[in-house]
Amino acid sequence: MVPMAIRVVQWATGGVGKAAIEGVLAHPDLELVGAWVHSEAKHGRDVGELVGMEPIGVEATTSVDEILALDAECVVYSPLLPNEDEVVAILRSGKNVVTPVGWVYPDLDNCGAILDACAQGRSTLHGTGIHPGGITERFPLMVSALTAGVTHVRSEEFSDIRTYNAPDVVRHIMGFGVPPEVAMAGPIVDLLAAGFKASVRMIVTEMGFDIDPELDTVQEVAVATQPIDTPVGIIEPGQVAARKFHWRALVDGTPVVTASVNWFMGEEHFDPAWSFGPEGERFEVEISGEPDVKLTFKGLQPDTIEEGLVRNPGIVVTANHCVSAIPYVVAADPGIKTYLDLPLLAGRAAPQFGLGRIK
């Protein structure tokens with residue numbers, strides 16, 4: 001008997017949502033049965049057409065009630081910002097949730113509503129993604145097993161933010177093209193901290209560091225020294241053109257776990273004169289111990305700005321990490337499940353190379 005495909009709903013069809021739809025359609029164990037959209041202009045349209053494919057016979061809807069009533073096992077929940085009430089409703093309806101917008105390593109004492117919904121719906125919530133959601137916790141923990149006497153765990157992103165095709169977000173949330181004092185007081189540091197602090201605490205707890213009570217948060221900016229032409233408009237001299245964020249767990253004031261983000265509008269005309277260094281754009285995981293081990297991820301950033309504005313690999317891998325988790329989350333017991341609770345996750349073979357391949 002051929003096992004039934006897991007029925008999946010996509011919640012929101014932005015960059016991650018579109019890539020998740022493609023991932024679900026390519027996954028041999030999954031079937032897309034619905035999609036929730038925010039825009040009335042997308043309501044009733046075929047989901048395949050929304051992502052630039054041929055029609056697939058699944059219509060998008062703005063109706064939450066329609067989504068909750070669907071016969072489905074899992075929802076990939078990927079709005080720009082999370083809404084706990086929505087997640088609670090989805091879980092209570094009996095659908096598992098995989099999401100890149102939170103709950104990677106939540107404080108269970110503050111998750112009563114979600115845990116109650118999981119119990120009522122016999123459902124599971126799993127937070128994932130890439131950074132945070134993989135680079136910051138999954139891979140450091142895996143690599144740390146190669147090293148004894150660990151003294152420091154570092155995960156770090158180096159990205160050209162010109163490839164991120166969301167101009168309003170880049171300017172008004174991420175804080176580029178504004179005065180330094182506006183950027184430093186903007187919302188992005190708190191939005192990022194919600195995920196990265198949880199990631200740091202996962203490493204701390206699993207590896208047994210006895211840290212100081214408060215995590216250390218540091219943000220830095222570089223300003224343009226001459227006009228910089230970017231996809232979000234001209235960044236004028238004195239406006240923010242590059243940003244760095246660091247979240248650190250300390251032991252007696254010494255960093256032992258660090259998660260860092262470096263976002264630049266290119267590499268020229270900055271003060272301070274920051275650059276990506278000779279290795280270029282990348283993600284890094286480094287474990288200091290006996291011996292030191294360093295892992296560099298390439299391919300998660302596009303080769304050109306133009307390619308990134310059309311299809312950004314960082315967005316795609318975020319979606320793929322969610323999609324790959326679905327079978328494991330559906331098979332898990334109810335509740336909130338982190339990487340520490342699930343087995344090793346894996347992708348699936350392409351149809352032409354996998355079981356039941358096209359002849």
Side-chain angles (χ1 to χ4, degrees), residues 8-24 35-39 64 67-68 74-93 95-108 110-111 113-115 117-118 123-138 155 157 159 161 164-166 168-170 172-174 186-202 245 247 259 261 263 300 312 314-326 329 335-339 342 345:
V8 179
V9 172
Q10 175 58 43
W11 188 288
T13 55
V16 173
K18 289 180 179 179
I21 288 168
E22 296 171 355
V24 169
W36 180 86
V37 291
H38 181 266
S39 168
V64 172
I67 294 297
L68 297 180
C74 192
V75 173
V76 179
Y77 179 80
S78 61
L80 180 61
L81 297 173
N83 181 323
E84 183 172 314
D85 291 339
E86 292 174 344
V87 174
V88 164
I90 296 167
L91 293 166
R92 190 180 291 124
S93 76
K95 299 172 183 61
N96 302 283
V97 173
V98 177
T99 179
V101 295
W103 299 283
V104 169
Y105 189 64
D107 180 356
L108 297 183
N110 295 322
C111 293
I114 286 178
L115 292 172
C118 290
S123 52
T124 303
L125 171 64
H126 175 60
T128 181
I130 193 65
H131 190 64
I135 298 293
T136 346
E137 55 289 283
R138 173 192 290 280
S155 62
E157 174 186 358
S159 291
I161 213 64
Y164 187 54
N165 193 9
D168 287 341
V169 174
V170 171
H172 303 304
I173 296 179
M174 298 170 74
I188 190 63
V189 68
D190 289 335
L191 292 173
L192 293 176
F196 283 103
K197 283 187 175 182
S199 298
V200 168
R201 291 194 183 279
M202 178 188 281
F245 305 88
W247 293 271
V261 173
W263 287 340
L300 277 63
N312 192 313
I315 301 296
V316 175
V317 298
T318 297
N320 288 342
H321 211 188
C322 293
V323 171
S324 295
I326 291 173
V329 174
I336 297 174
K337 303 299 179 185
T338 73
Y339 297 131
L342 297 175
L345 308 187

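All residue numbers in this chain count up from 1 along the given sequence.
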| Reference residue Thr124; test side chain to side chain contact (heavy atoms under 4.5 Å, CB included); the match among Asn96, Ile336, Leu91 |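 Per the side chain to side chain contact (heavy atoms under 4.5 Å, CB included) rule, the option paired with Thr124 is Asn96, out of Asn96, Ile336, Leu91.
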| query | Is there a donor-acceptor pair under 3.5 Å between the side chain of Ser93 and the backbone N or O of Ile90? | reply |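 Answer holds: yes.
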| field | Heavy-atom donor-acceptor pair, Glu86 side chain to Val88 backbone, under 3.5 Å | value |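 Not at all, since once roles are kept as given, no pair shorter than 3.5 Å links the two residues.
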| Can you say whether the rings of Phe245 and Trp247 are parallel (under 30°), tilted (30 to 60°) or perpendicular (over 60°)? |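 It falls in the parallel class, under 30°.
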| Ring geometry between Tyr77 and Trp11 (parallel below 30°, tilted from 30 to 60°, perpendicular above 60°) |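 Rings of Trp11 and Tyr77: tilted, 30 to 60°.
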What's the shortest heavy-atom distance between [X] and [Y], and which atoms?
X: Val75; Y: Lys95; answer: CG2-CD, 3.8 Å
X: Ala319; Y: Ala20; answer: CB-N, 3.4 Å
X: Ala19; Y: Val316; answer: CB-CA, 4.0 Å
X: Cys111; Y: Asp107; answer: SG-O, 3.3 Å
X: Val104; Y: Met202; answer: O-CE, 3.5 Å
X: Ile173; Y: Ile188; answer: O-CB, 3.0 Å

Note, [X] side chain near [Y] side chain (heavy atom, < 4.5 Å):
X: Pro106; Y: Thr338; value: yes
X: Ile315; Y: Tyr164; value: yes
X: His321; Y: Pro100; value: no
X: Leu345; Y: Arg138; value: yes
X: Met174; Y: Ile161; value: yes
X: Asn312; Y: Asn165; value: no
X: Trp103; Y: Val97; value: no

| said: According to salt bridge (charged side-chain N to carboxylate O under 4.0 Å, His left out), who are the partners of Glu22, at least two apart in sequence or on a separate chain? | reply: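 Glu22 satisfies salt bridge (charged side-chain N to carboxylate O under 4.0 Å, His left out) with Arg311 once adjacent residues are dropped.
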| said: Nearest 0.5 Å, please: how far is CG in Leu125 from OG1 in Thr99? | reply: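 Rounded to the nearest 0.5 Å, the OG1-CG separation comes out at 7.5 Å.
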| request: Take Ser78 and Gln10, measure what side chain to side chain donor-acceptor pair (under 3.5 Å) needs, and give me the verdict at the end. | output: CA-CA 8 Å; Ser78 61; Gln10 175 58 43; 2.8 Å; yes
